[in-house]
Structures are given as C-alpha cells and as structure tokens.
2 protein chains.
Amino acid sequence: MDEHIDDDTLTDATEGAAPKHDSRREIIEAAAQCFMLKGLDKATMDDIADVLGATKGRVYHHFRSKNAIYFAVYRQAMQYCFDAVTPLISLNTSSISKLELMAHAHARVMMDTLPYQRSIRLGVEVYLRGSTTEAERAVLRELITLRNDYENLYREVLRAGVAQGELDVPNIEIASRALMGALNGLVDWYRIRPDQSEGERDALARALAHAVVHGTTA
Amino acid sequence: MDEHIDDDTLTDATEGAAPKHDSRREIIEAAAQCFMLKGLDKATMDDIADVLGATKGRVYHHFRSKNAIYFAVYRQAMQYCFDAVTPLISLNTSSISKLELMAHAHARVMMDTLPYQRSIRLGVEVYLRGSTTEAERAVLRELITLRNDYENLYREVLRAGVAQGELDVPNIEIASRALMGALNGLVDWYRIRPDQSEGERDALARALAHAVVHGTTA
DNA sequence: AGTAACATACTACTCGGAATGTTGGACCGT
DNA sequence: ACGGTCCAACATTCCGAGTAGTATGTTACT
C-alpha cells in the first residue's frame, strides 16, 4: 500500500520543456521494434538494450519495469493515431468523405508507425488479467479509455452521417467495430518493403479506406 | 539433423477411426482456454494440466512440446472455419448473398469457438521468427498455407462476383484483407455473456456480415 | 507381463529486477 | 583557473523465482 502510484515511469506526467536527451524516446522506439519482432514476452530487456547498443542499466534507469515500457509504447501508438485523425474531424466536408479521409489517415499511421501499432495489438486485455498491482491495472484502464476515445471519433462521424442521410448504417456499434478491425488488421499483413515508394503506400491506404467505407457491393 | 520430422505430435498424421480416448482433444481444448486467458507465453504447461485436473505428465504424454499444442490448436481453429464455410461455396445463390452467408458463418465460428480463434490471433508470424528447429518452421509454413487457402475461398467469391457484375471491388486483395480483418477482429471485442441467447448471437453475426459486405454507404 | 496413460520428482536455464560500481559533466567556492 | 563534489546516466554483477522439458515411478487394463 505504500507504493506511490503516480510514478513518472508509469504515468509519464512530467513533460519537460527541454528535449532533454531523448534517451527515453529511443528506448521506447527500440522496445517497439523488439515487441514487434519477438512478441511482448519473448522480447527481453537485454534485447531492447542490445538494439540501443547499451545494457539493461540504461533501460531500468528510465523505466521501472518492462510493463512500464509497454505502457509507454501503447501511449505513443495511440498518440500517433490521434495526431493524424483529430485534425480531420473539424473538416467541413461530407460525412462520407470525412470518414474515408479518417480511414485513410489511420491506414497511413498503421504503416508509418508499424512497430508501435503491431506491439500493442492484442495485448491489453490479456495484460489486464495478468497484472498484479493495482497501479498497473489503473494505467491499463486508462489506456483502454484512450482507445475507446479514439474509436468514438469514428462513431461520431458515423452518427452524423446517418443523421444527414449520407450513410446507411443499421448498427453503429457493429459498423465501427468492423471499420476498426479492417483498418487495424493492416498491421497483420502489411510488410515494409524498402523499395516501395511513398505513392505506393498512399495508394494502398487509399484502397483500404475505400474498401472499408464502401464495402464490396456496387 | 537426426530428429525425425514426421512426428505425430507435430504433424498429427494419424487420425484413428476410433474415438480413442479423446484425452488429446481435451488437452487441446484446455490449452485453447489457457492461451485465450493468459496468452501463449504466460500460459504454462501446469496451467493447462490444472484445467484438466491433471499434471504435466499427461500433457507431455500426448504432446512433445508446448509449441506442438499451439500447432494443434491452430489446426483445430482453422478446421472449424473450413467446416463452417466450405459447404457454402457450392451454393447456387448470387455472389453477394453467398459472400454474406460466408461472412455470417465465419462470424458464428469466431463466437462459437472463441478460445481457439483468440489463441491463434497474431501468433504465427511472431512464432516463425522465434522457432528454432526446421521441423517447427515447416509446420508453421503449413499452417500459414492453411490460412491462405481459407482466405482464398473469399477471394474466389469476390472474383466471381466482380465477373458477374454483382460486386464492385477495385482491388480484390485489399478487399479480402479488409473483410477478414473486420471479421477476425470480432474475437478482440466479443465477450461471451451467458445470458445472451442463440438468437442474439446470430443477430450479431448477421449484422457484422452485413457491415463488412455492404460497408457504410447508402 | 507388457504397455498405455498417466503422476511425481527433478533439473537446467532463462530472464526480470535489484544492488552496486563507474564516469563524465555541471556547478560550486576560493 | 582549479580542485572538489554531487548527481544523472549509464554499465556490471548478481540472484532468485518461475518454467519447459526430462527421468522415473505407478497403475490399470489387456
């Protein structure tokens, strides 16, 4: 009970004005790489340190535990999503085109920040069961809330589109789930190819956005 | 190099006519439960045995390793999918309704065999990197092929639908990915509620199938 | 009495986390 | 300018818990 809950390495409250040395950010990046390649459990602290050419000492100086790193990766992943999609919701276009723009932006984020997005895929719920301390569970609940808030952005657009008669969505909850599933599934099958151009990636995102919004019917 | 590749516990070649004592099947079922609840790595062999009220001795008598169990779970999960969807492809309906029937059946399987489907979610590719022996990699390649074959069922219907002018799919590959992503994503957010009726589950599957096929546009 | 189907007991090893050691630079007082 | 000291940012070393896999009983059925 004597544990101080509001810890930097867990809640990441302090956001210093100075860039500091972004050693912390480097660790998160390395962790995302390792998590993507080997999975959350198989990736060891030494693996993460090795990517940086360092040792565990550096990692544990900035993060209290492996879970704390995972939380940071999750946060960053969601932040990337918010940064890309939030500006679009205030756009003054039709709901249907706005929805497609958001889907397109999301698909782009999935590709551009693949290690992060792949790391957080199917981890939270499982983690919730295994987490021991109450502090960790609190953070996890917050992360889930974060994800819900993000998905609500899409639900809002769907609702507005239905209200305006532009969209035909019998069940908004189901439709949003299907939408997010189709978009997030991108990280499962998308492979980074160094030879593929920016335009090709964008075309892929555009095609996927079209598919999830318009379905398969004529 | 002296390892005998074609091992029962890996390839599951022998399918005895007799039900045997389906102790093996029980182990697979228990493993699927544990994998779903705690994840592939966190779930221990003792956990699996505990579910059965047994010990590791029983598990290791039927399976050579933990990976072998995972392979068996994967096989079974795919088998459930094939059993539900394969009969539908020979139906004599329109491509669009056939596609929706397949999607509906798949959604049902996701719910009815949730532990299996949730266990195999995002595991194969990661496992491929970590697997050491060549025999394991061979099995994993086979499992991936199995999944590709299954997804090809949907691609075929999409192709036929486009050829007949029923469907409007600019990119079949992308569309099939979106389709599978939306359907498989069900296992991420679907929660088993004991109080929900058969009809409710079916309505959910139907709504999801409608969403993935028809999209959001009017 | 032989073997399938387990249970029991044990080992070897990985890996998270902690304790401790090292260093380079910032910030002093003089 | 300069020796001192204080601390952040690491590196090194170590430990112990947990766990996959093994080796060895035990039993019941054929």
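Proteins come first, then strands; the chains are lettered A, B, ... in the order of their sequence lines, and each starts at number 1.
When rounded to the nearest whole Å, the span between CG of B:Leu52 and P of C:dA5 equals 15 Å. To the nearest angstrom, P of D:dA20 lies 16 Å from OH of B:Tyr70. Between the CG atom of A:Asp50 and the P atom of C:dG16 there is a distance of 12 Å, rounded to whole Å. One atom, CZ of B:Arg24, and another, P of C:dC6, lie 13 Å apart when rounded to the nearest Å. Rounded to an integer number of Å, the gap from NE2 of B:His61 to C1' of D:dA20 is 19 Å. Across the protein-nucleic acid pair, B:His62 atom NE2 and D:dG21 atom P stand 17 Å apart, rounded to whole Å. As rounded to whole Å, 17 Å separates atom C1' of C:dT22 from atom CZ of A:Arg58.
Salt bridge annotation for B:Glu173-B:Arg155: present, with a cationic side-chain nitrogen under 4.0 angstrom from a carboxylate oxygen. Salt bridge annotation for B:Arg121-B:Asp188: present, with a cationic side-chain nitrogen under 4.0 angstrom from a carboxylate oxygen. For the pair B:Glu142 and B:Arg75, the salt-bridge criterion is met [side-chain N within less than 4.0 Å of a carboxylate O].
Within 4.0 Å (heavy atoms only), A:Thr55 reaches at least one base atom of the nucleic acid.
Not one side-chain nitrogen or oxygen of A:Thr44 sits closer than 4.0 Å to the OP1 or OP2 atom of C:dT14.
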Atom pairs under 3.5 Å: protein N/O with N/O of nucleotides 17-20 of chain C:
unit_1 : atom_1 : unit_2  : atom_2 : d
C:dG17 : OP2    : A:Tyr60 : OH     : 3.4
C:dG17 : OP2    : A:Lys66 : N      : 3.0
C:dG17 : N7     : A:Lys56 : NZ     : 3.2
C:dG17 : O6     : A:Lys56 : NZ     : 2.3

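For the pair A:Arg147 and A:Cys81, the minimum side-chain heavy-atom distance is 4.5 Å or more.
Scanning all heavy atoms of the two residues, the minimum distance from B:Val212 to B:Leu179 falls at O-CD1, 3.9 Å. Nearest heavy atom pair, residue A:Glu200 against residue A:Asp195, reads OE1-O, 4.0 Å.
For the residue pair A:Thr44/A:Asp47, the side-chain donor-acceptor check at 3.5 Å is satisfied.
Every residue two or more places apart in sequence or in another chain was checked for a ring-ring contact (aromatic ring centres under 6.0 Å, His included) with A:Tyr190, and none qualifies.
Taken residue by residue, residues 29-43 of chain B places heavy atoms nearer than 4.0 Å to DNA chain D at B:Ala43.
Between the side chain of A:Lys66 and the backbone N or O of A:Ala43, at least one donor-acceptor pair lies under 3.5 Å.
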